Amino acid sequence: MNIYEQLEAVRDDLQARGAKTQTIRVVDDMLSRAQSQRDSSLSVSRLQVLRHAMSTPAVLNNEDVRLDFLALQGDL
């Protein structure tokens with residue numbers, strides 16, 4: 001799966017877990033920035049996507065968002 005598809009899957013997983021609205025907004029922002037990679041053949045793992053996302057200011061600077069991502073990472 002490419003990065004765009006992985007982000008979509010992360011968003012779906014977060015929604016299924018009852019993640020906060022602000023967490024979904026962060027992922028939506030990442031999806032909009034990854035739009036150009038929608039048809040990319042470059043494959044990345046879900047864990048790579050989560051680790052990268054967790055190092056962004058949008059996640060690091062918001063404890064609720066960070067906790068939602070940590071919980072999802074723990075499932076992997």
Side-chain angles (χ1 to χ4, degrees):
M1 294 172 80
N2 65 37
I3 193 162
Y4 187 85
E5 294 165 334
Q6 289 289 12
L7 283 168
E8 284 182 322
V10 164
R11 187 184 193 286
D12 292 342
D13 290 347
L14 286 167
Q15 278 189 313
R17 296 178 60 83
K20 297 183 178 42
T21 305
Q22 55 205 16
T23 304
I24 301 302
R25 272 190 252 136
V26 167
V27 177
D28 286 343
D29 182 51
M30 291 176 187
L31 275 165
S32 68
R33 288 183 287 163
Q35 185 73 29
S36 64
Q37 300 300 312
R38 191 173 199 154
D39 297 322
S40 173
S41 61
L42 182 64
S43 182
V44 294
S45 73
R46 176 102 27 107
L47 193 54
Q48 286 175 305
V49 170
L50 282 175
R51 285 183 179 160
H52 175 73
M54 290 176 64
S55 69
T56 63
V59 175
L60 289 173
N61 294 333
N62 187 315
E63 187 68 14
D64 290 333
V65 173
R66 192 176 74 80
L67 291 174
D68 282 338
F69 273 91
L70 282 172
L72 184 58
Q73 183 180 11
D75 287 349
L76 296 179

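Everything numeric here is computed off the predicted structure, so don't read it as measured data.
Side-chain N or O atoms of Gln22 include none that pairs as donor or acceptor with a backbone N or O of Asp64 at under 3.5 Å. Judged by distance alone, with hydrogens and angles left aside, the side-chain atoms of Glu5 form a donor-acceptor pair with the main-chain N or O of Asn2 at under 3.5 Å. Here the side chain of Asp68 pairs no donor or acceptor atom with the backbone of Leu14 at under 3.5 angstrom.
Separation of atoms CE (Met54) and CG (Leu47) is listed at 9.5 Å; rounding is to 0.5 Å. Here Asn62 contributes atom CG and Thr23 contributes atom OG1; the two are 7.0 Å apart, rounded to the nearest 0.5 Å. The distance from the CG atom of Asp12 to the CG atom of Leu7 is 11.0 Å, given to the nearest 0.5 Å.
Phe69 places none of its side-chain heavy atoms less than 4.5 Å from the side chain of Leu60.
Here Asp28 pairs with Arg11, Ile24, Leu31 under the side chain to side chain contact (heavy atoms under 4.5 Å, CB included) rule; sequence neighbours left out. Residues that satisfy the side chain to side chain contact (heavy atoms under 4.5 Å, CB included) test with Thr56, not counting sequence neighbours, are Met30, His52, Ala58, Val59. With sequence neighbours left out, Arg66 forms a salt bridge (charged side-chain N to carboxylate O under 4.0 Å, His left out) with Glu63.
Taking 4.0 Å as the cut-off between side-chain N and carboxylate O, Arg33 and Asp29 count as a salt-bridged pair.
Counting all heavy atoms, side chain and backbone alike, Val10 lies closest to Arg46 at CG2-CD, 3.4 Å. Considering all non-hydrogen atoms of both residues, Ser45 and Gln6 come closest at C-NE2, 3.7 Å. Residues Tyr4 and Ala34 approach most closely at CD1-O, 3.6 Å, considering heavy atoms.
Leu70 and Leu50 fall within the same hydrophobic cluster, where Ile, Leu, Val, Met, Phe, Trp and Tyr residues are linked whenever their side-chain heavy atoms come under 4.5 Å apart, directly or through other members.
A 6.0 Å sphere centred on CG of Asp39 holds no more than 12 heavy atoms belonging to other residues, nucleotides or ligands.
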